[in-house]
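Down below is the structure, laid out as structure tokens.
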Amino acid sequence: MTASNPLFADRLIAWQEQYGRHDLPWQVSDPYRIWLSEVMLQQTQVGTVIPYFLNFIARFPDVAALASASPDDVLAAWSGLGYYSRARNLHRAAQMLVNSHGGHFPQAPEALIELPGVGRSTAAAIAVFAFGARAAILDGNVKRVLARWAGIEGWPGEKRVENTLWQLAESLLPSSGIAGYTQGLMDLGSQVCTRTRPCCGACPVKEDCVACIAGRQSQLPAPKPRKTIPERHVVLLLIRDARGRIFLERRPPAGIWGGLWSLPEAQDTLSAASLCACRYGVNVDFDPPLPDVRHTFTHFHLAITPLPGAVNGAVVVTDSGTGWFDLVDIETLGLPAPVRRLLK
DNA sequence: AAATCGGGGAG
DNA sequence: CTCCCAGATTT
């Protein structure tokens, strides 16, 4: 049902006609402008591309003009867009078109993909918009739309996930109205099915969207797995009083270990004493730090430096967010696992 | 500060 | 094949 639902394309086409974009400067029949826009849009947003596009076609109105331009002039027209290999590839491709294709664009995606700077998705987009070919695109917007609609798990940068998405994209193609459908996918991804806070109320395929139905819009598509999990470091203070009790502090309600009793936390070993005096009104003599303890969370590593110390003199009365506890009582307290381990 | 984006090129 | 990069922009 999902992989071959004809209604998906029909709803998208109808939505695009009413709500999609129809007046972009590259929504023309000229393959040159379509190609140029697709390359510019590869890593750059529509709003940024428009002025560059207009300037570019003013300077280089067709393939022949671009092919005969100097590399410096092409780069100059590209300056500010970034990813300058796109401009160099564009220039090379224009010369290939003039020298090997009589200045005309080949129509098949398999031929278009031979041009430098044109990959599978860009080749399909050109073939669709310029020649009405029945081909699937898969850019970032489309990946997001399809991953959400079909509930495809995993990070789309992963080969397996990307293959699944390509397969799905091919299977959803309509038998007619390919240009409106393709434009609709792009428009939906950029205007409705946005990365954060998608406007699902305005979506034409919300009725059978897995992410929308399950409320999993923020989880699909899965984000890129962090290669290096961030490393954070804290100093946890093991403060004892004369009776051997340990000083604990209740953590703020939100954030890590929210609301749990925990050891006081310092930025570093040097600032610990002044922190205790200032914040808790106690004078603490600290011993040398104990060896670090590592604890791994889902999204970061935490290196804990345990810093033992003892209060000298009378203990000042504390507020309800802090307290002195006997080790036996600590057993029954809600403590973060690494803190509990530390206290043993 | 970290993620994003499609294609090319290196390994 | 599988990484890793380019760069401006967004979060």
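Every heavy atom of this structure was used, including side-chain atoms; hydrogens, water molecules and symmetry mates were not. This one's a predicted model, so the numbers in the text were calculated from it and none came from an experiment. Below, read A as the first sequence line, B as the second, and so on, with proteins coming before strands; counting in each chain starts at 1.
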Q) How about A:R86 and A:T44: does a side-chain donor come under 3.5 Å of a side-chain acceptor? A) yes
Q.
Is it true that A:N141 and A:R144 share a donor-acceptor pair across their side chains at a distance under 3.5 Å?
A. yes
Would you mind reading off the distance between [X] atom [atom1] and [N] atom [atom2], rounded to a whole angstrom?
| X | N | atom1 | atom2 | value |
| --- | --- | --- | --- | --- |
| A:I137 | B:dC5 | CD1 | P | 13 Å |
| A:E158 | C:dT2 | CD | P | 10 Å |
| A:L81 | B:dC5 | CG | P | 18 Å |
| A:Y84 | C:dG7 | OH | P | 7 Å |
| A:R195 | C:dT9 | CZ | P | 16 Å |
| A:K224 | B:dA2 | NZ | P | 13 Å |
| A:W155 | C:dT2 | CH2 | C1' | 11 Å |

Q) Under 4.0 Å between a side-chain N/O of A:Q45 and OP1 or OP2 of B:dC5, yes or no? A) no
Q) With the sugar-phosphate defined as primed atoms, P, OP1 and OP2, and the base as all remaining atoms, what B/S/- string results for nucleotides 6-11 of chain B, 5' to 3', for protein heavy atoms under 4.0 Å? A) BSS---
Q | Test ring-ring contact (aromatic ring centres under 6.0 Å, His included) applied to A:F53 and A:W78, A:W35, A:W26, the passing residue | A | A:W26
Q.
I want to confirm an ordering. Mapping A:T196 and A:G82 to their closest nucleotides on DNA chain C, which one lands closer to the 5' end?
A. A:G82
Q. More 5' along DNA chain C: A:K159 or A:R88, using each one's nearest nucleotide?
A. A:K159
Q) Applying the 4.5 Å side-chain criterion to the ILVMFWY set and letting contacts propagate, would A:I113 and A:L165 be lumped into a single cluster? A) no
Q | Side chain to side chain, A:L24 and A:Q183, heavy atoms closer than 4.5 Å | A | yes
Q.
Any heavy-atom pair between the side chains of A:E153 and A:L220 that's under 4.5 Å?
A. yes
Q) Angle class for the A:W261/A:F325 ring planes (parallel below 30°, perpendicular above 60°, tilted otherwise)? A) perpendicular
Q) Using atom P of each nucleotide, how far apart are B:dG8 and C:dT9 to the nearest Å? A) 23 Å
